Q: 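The structure follows.
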Protein chains: 2
Amino acid sequence: MSVTIKDVAKVANVAPSTVSRVIANSPRISERTKEKVRQAMKELDYHPNYNARNLANKSTKTIGLIMPNSVNKTFQNPFFPEVIRGISTKAHQLDYGLYLSTGQSDEEIFEEVQDMVLGRRVDGIILLYSKVNDKLMSYLYHEKFPFTVIGRPYDQEKLDVTYVNNDNFKAAKTVTEYLLLLGHERIAFIGGNLETVVTLDHMEGYKKALMNADIGVKDDYVVFHEELQEGGQEAVIDLMSLSDRPTALIVADDIMTFGVMRMLSEMDVKVPEDISIISFNNVLISELSSPPMTTVDINIYSLGFEAANCLIDQINHPDIKTKQVIIPHKLIKRQTCQKISNRSFN
Amino acid sequence: MSVTIKDVAKVANVAPSTVSRVIANSPRISERTKEKVRQAMKELDYHPNYNARNLANKSTKTIGLIMPNSVNKTFQNPFFPEVIRGISTKAHQLDYGLYLSTGQSDEEIFEEVQDMVLGRRVDGIILLYSKVNDKLMSYLYHEKFPFTVIGRPYDQEKLDVTYVNNDNFKAAKTVTEYLLLLGHERIAFIGGNLETVVTLDHMEGYKKALMNADIGVKDDYVVFHEELQEGGQEAVIDLMSLSDRPTALIVADDIMTFGVMRMLSEMDVKVPEDISIISFNNVLISELSSPPMTTVDINIYSLGFEAANCLIDQINHPDIKTKQVIIPHKLIKRQTCQKISNRSFN
DNA sequence: CTGAAAGCGCTAACAG
DNA sequence: CTGTTAGCGCTTTCAG
C-alpha cells in the first residue's frame, strides 16, 4: 500500500504524532526534527491521505459547485467555464478543491446536495445560478450550511444569504436609456428563463426606463425564451411579425444574440442600420459576431472569484455576517447600435 | 454532530455492522431487519459520511477531471462544458462524483494530480486534452493509476493507454478532399496549438489529401495559432496578404472560425462566394454564425460519455485490457462552402 | 518539545 | 442471519 505517516515516522525516528505536527507546521516542534521529518517525507515521497485527514479533521477543504439542471442546455453557455475559472483561481490560492454536481434534474441535484452536505463531502457550496423559489437554496439556508449564490435570492425572507451578483436592474435600465437616447422608442426585450432571477431584474430595469421616459410597455415587445440557441431565433420571428416592428432589441444573453442576428440576417434585416441590438454578458466570442455586438460586460470571472472568496470566508468564520457583493458591469460599445435612422423600415 | 451509523443501530436495535450491511444491501440480512434499519435511517435522515466510508473502503467513487492549463484561454471553449456534460451523465448513472483540477500552470497541475493519486482523492482520472510529451500522462502511466485520455497519446511507447478519440486524420483528409472536389486547389489550413495531438493529426490528414491529389503543400498555407479568439483573425491577415490568396480555409475549431469570419467580413471578403470555410467540432453556437458554418461534428458529448465509461470499467477491473475507442464524426454541411467560382478574386 | 493513546465513522473478517 | 472486534490513516488531547 501507499506510504503512511507511520512509515515516515519510522524513517525519521519519531512518533506519528510528530509527523502530523510537522505537516501542520506546528510551532512547537524544533527546527531540527522538522527538518529530519521533511527529509523523510521527501525520501518516501509521502502524500497525506485525504480521506483519513478529512475524517479526523471534519473538514474536506473542498467546495461543491452546483450547476443548473442541464435538461435544457443552459449549461452550454460559455458563461460557465468562465465562472468556474474564477472560482478555480481563488480556490486554488487557498488550497481548496472543487467538486462538481452531476445531477440532471432538479430532484437528482437535490438528492446529491443533501448527500454532499450530510455526508460531509464538501465544506461549502456555490450555486452557479439563481432562480425563484429554489428548494435547494431553502434547504441550505435552513441547514445553516455555508453557501453562496451567484446571482441573488428572490424571496424576501432570505435576503441575508451571501451572494455575488451584478446590478442587473441597473444594467438593463441603463441599456434601455441608452437606446432611448439614440432615438429609439420601439424597444423590445428578449429575456431568458422566467424562473431565473436575472431575467426578472432585467425586465424590471427595462420597464423602469421606459416608464421614466413616458413610454408604455408593450406586452408584445416582451418575450422570453429559455433555449439559448433556438430562443433568439424564435423571438425574432415573433417580434418581426408585429405590425410595428421594434427598432431596437435588448437581448438577455450573448449566445442568444447570435441566434437573433442569424435570423435577422436571414430576413435581410440589417444590423444596426435597420435595427439596433444590445446584449448582456460579454462572453469571449461576443466580439466575434458580425458586426461585433454591443453588450454589457458583467465580469463573469470576478463573479466566480468573489463567490469563492466569500464562501471560504464563511467556512472559516462560521459566525461572520453574510455578505452581498455587487460586481460592477460596463457597457461595451461595439457595432450593433446606432441612432435611429429615418429610413426606419416597415 | 451529524447522525452516525451507531445512532441508526441504536434506534433499530441492531449492531453497527448490520446497518453497514443494509447500506451495502448485503443478501445475508433478513428482509425484516433490513426494513427495520431502513426505517430508522429515514427517521434520523441518515446519510453516510463519505470520508469514513472512503477510508475504510480505500475507494472514493469519484473521478478527477484534468483541464488543460488555462494560461491561454483554451478553457473558454464551449467544448469543455459539453465533454463534461457527457462525463457527468455517465458518472451520475454509475454513482461516481466529479472532482475538478484547479491548477493554472503545468507545474501546478502536476502537483495537484500527484496529490490526488497518492492521497487517494480520486479513483481514476480523465485527461480532457492530449498534448505531445505530456509529463502528466507519463506519470499516470508509470504509476499504473487508472486514467483515460480524451484525444490520444502521442508517443509510440504509450499506445496502450485507454483513450477516446475521433479519427481526426481521416476527418481532416475528408474535409480537404471535399474542398478539392468543389474545385478548390488553394486550400489553407489554420491549425490550433502545435503541441496538441489533434492539431498534428489534422495537419497530416490535410497534407495526405493534397498529396493524393498531386497538389503540393505550400508552407505559407499552413498556419497555427493557439489563441482561439485572436488566432483566427491573425491567421486571416497572414493568409490574405499572400499574393495567391487561398480560396478555401480549413479551420481547427469553430470558435476560431468565428474569428476568421469576423475578419473576413471586415475585409469585405464574402463567404462562401469569395472563400469557402470548413471547420471542426460543431459546438452548439456554430450554427449561429452568419452564414452558418460547415463543420465536422465530432460528437463531443459522446467523447465525454465514453471516456467516463472506459475509466470506470478500468477502475472496476484493474486487469482489463486497455481500450481505444473512436467516436464517429460527421460532416455537417451548412453554408460556408461552395464550388469555386470563376470570379475568384485576387 | 515529543510520545502514547484515543477517536473520527465506516467496513470486514471472524465468530457464533 | 447478526454481533464483536480490529483496523483504514490521520489528528489531538494528555502526559511527561
Side-chain angles (χ1 to χ4, degrees), chain A residues 1-41 44-62 95 115-123, chain B residues 1-41 44-62 95 115-123:
Chain A
M1 272 308 303
S2 351
V3 17
T4 80
I5 213 172
K6 284 188 187 171
D7 302 324
V8 178
K10 216 159 283 170
V11 171
N13 245 306
V14 294
S17 49
T18 303
V19 177
S20 173
R21 287 185 187 107
V22 173
I23 294 171
N25 199 16
S26 156
R28 323 186 317 181
I29 298 287
S30 75
E31 266 314 320
R32 250 191 82 254
T33 32
K34 271 186 187 173
E35 221 17 80
K36 203 171 53 177
V37 171
R38 291 202 181 107
Q39 202 54 49
M41 300 203 311
L44 301 177
D45 194 21
Y46 169 76
H47 286 249
N49 179 306
Y50 277 103
N51 296 116
R53 171 184 269 237
N54 292 347
L55 181 57
N57 275 334
K58 292 168 175 327
S59 137
T60 59
K61 294 276 259 176
T62 109
D95 253 306
D115 274 2
M116 286 190 198
V117 170
L118 268 15
R120 298 278 175 270
R121 190 165 196 150
V122 298
D123 289 349
Chain B
M1 271 306 305
S2 351
V3 18
T4 81
I5 214 172
K6 284 188 186 171
D7 302 322
V8 178
K10 216 158 286 171
V11 170
N13 245 303
V14 295
S17 51
T18 302
V19 178
S20 174
R21 286 184 189 110
V22 173
I23 295 170
N25 199 15
S26 156
R28 323 185 318 182
I29 299 285
S30 74
E31 266 316 317
R32 251 191 81 253
T33 31
K34 269 188 189 172
E35 221 20 79
K36 204 171 52 178
V37 171
R38 289 200 183 111
Q39 200 56 47
M41 301 204 310
L44 302 176
D45 195 19
Y46 169 77
H47 286 249
N49 178 306
Y50 277 104
N51 296 115
R53 171 184 268 236
N54 292 347
L55 180 57
N57 273 335
K58 295 170 173 326
S59 137
T60 59
K61 294 276 260 177
T62 108
D95 254 303
D115 274 2
M116 286 189 201
V117 170
L118 267 16
R120 298 277 175 271
R121 191 167 194 147
V122 298
D123 289 348

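Here is how names work: the chains are called A, B, and so on, in the same order as the sequence lines, proteins then strands, and each is numbered from 1. Keep in mind the model is a prediction, meaning the values are calculated, not measured.
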Q: From the list D/dG3, C/dT2, C/dC10, which nucleotide is the closest neighbour of the side chain of B/Ala52?
A: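 Nearest nucleotide to the side chain: C/dC10.
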Q: Any idea which of C/dT11, C/dG3, D/dG3 is nearest the B/Asn57 side chain?
A: C/dT11
Q: Of B/Ala56 and B/Asn13, whose closest DNA chain D nucleotide lies nearer the 5' terminus?
A: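 Result: B/Asn13.
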Q: Whether B/Asn54 contacts C/dT11 is assessed here as follows: a side-chain N or O lying under 4.0 Å from the phosphate OP1 or OP2. Is that the case?
A: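 So the side chain of B/Asn54 is outside the cut-off, no N or O lying under 4.0 Å from OP1 or OP2 of C/dT11.
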Q: At less than 3.5 Å, do the side-chain atoms of B/Arg120 and the base atoms of D/dG9 form a donor-acceptor pair?
A: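 Looking at the base of D/dG9, it does not pair with any donor or acceptor on the side chain of B/Arg120 (distance under 3.5 Å).
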Q: Hey, does A/Tyr50 reach any base, or is it just sugar-phosphate, or nothing, if we go heavy atoms under 4.0 Å?
A: nothing
Q: Rounded off to whole Å, could you give me the OH-to-P distance for the B/Tyr46 and C/dG9 pair?
A: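 Those two atoms, OH and P, are 10 Å apart.
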Q: Going by modelled atom types, is there a donor-acceptor pair between the base of D/dT2 and the side chain of B/Arg28 at under 3.5 Å?
A: yes
Q: Over all heavy atoms of both residues, which pair between A/Pro27 and A/Lys34 is shortest? Give the atoms and the distance, please.
A: CA-NZ, 4.3 Å
Q: Whole Å only: how far is the NE2 atom of B/His47 from the C1' atom of C/dG9?
A: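 My rounded result for the distance is 16 Å.
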Q: Distance alone, cut at 3.5 Å: any donor-acceptor contact between the side chains of B/Ser20 and B/Ser17?
A: no
Q: Reckon A/Arg53 has a side-chain N or O less than 4.0 Å from the OP1 or OP2 of D/dT11?
A: yes
Q: Separation of A/Lys6 atom NZ from C/dA5 atom P, in whole Å?
A: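 The answer, rounded to whole Å, is 12 Å.
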Q: A/Asn49 has a side chain; which of C/dG9, D/dC10, D/dT4 sits nearest to it?
A: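 So the side chain of A/Asn49 is nearest to D/dC10.
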Q: Classify the nucleic acid contact of B/Ser17 as base, sugar-phosphate or nothing, counting any heavy atom under 4.0 Å across all strands shown.
A: base
Q: Name the nucleic acid region contacted by A/Ser20, choosing base, sugar-phosphate or nothing; use a 4.0 angstrom heavy-atom cut-off, strictly under.
A: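 Answer is base: heavy atoms of A/Ser20 come under 4.0 Å of a base.
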Q: Between atom CG in B/Asn25 and atom P in C/dT11, what is the gap in whole Å?
A: 13 Å
Q: Tell me which nucleotide among D/dG3, C/dT11, C/dC8 gets nearest to the side chain of B/Thr18.
A: D/dG3
Q: Could you point out which residue of A/Asn51, A/Asp123, A/Asn54 forms a side chain to side chain donor-acceptor pair (under 3.5 Å) with A/Thr60?
A: A/Asp123
Q: Applying salt bridge (Lys or Arg N to Asp or Glu O under 4.0 Å) to A/Arg32 and A/Glu35, what does each step give before you reach the verdict?
A: CA-CA 5 Å; A/Arg32 250 191 82 254; A/Glu35 221 17 80; over 6 Å; no
Q: If you pin B/Ile29 and A/Val19 to their nearest nucleotides in DNA chain D, which one's is more 5'?
A: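 Whichever sits nearer the 5' end wins; that is B/Ile29.
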Q: What pair of heavy atoms forms the shortest contact from B/Ala40 to B/Ala12, and how long is it?
A: CB-CB, 3.9 Å
Q: On the nucleotide D/dT2, are OP1 or OP2 found under 4.0 Å from the side-chain N or O atoms that B/Ser30 carries?
A: yes
Q: I need the NZ-C1' distance between A/Lys61 and D/dC10, as an integer number of Å.
A: 16 Å
Q: Is the shortest side-chain heavy-atom distance between B/Arg121 and A/Thr62 below 4.5 Å?
A: yes
Q: Give the rounded distance in Å between these two atoms: CE of B/Met41 and P of C/dC10.
A: 11 Å
Q: Considering just the side-chain nitrogens and oxygens of A/Lys58, establish if one lies under 4.0 Å of OP1 or OP2 belonging to C/dG9.
A: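 Looking at the OP1 and OP2 atoms of C/dG9, one of them is under 4.0 Å from a side-chain N or O of A/Lys58.
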Q: Can you measure B/Ile5 atom CD1 to D/dT4 atom P for me and round it to whole angstrom units?
A: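 Interatomic distance, CD1 of B/Ile5 to P of D/dT4: 14 Å.
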Q: I need the CG-P distance between A/Leu55 and C/dC8, as an integer number of Å.
A: 9 Å
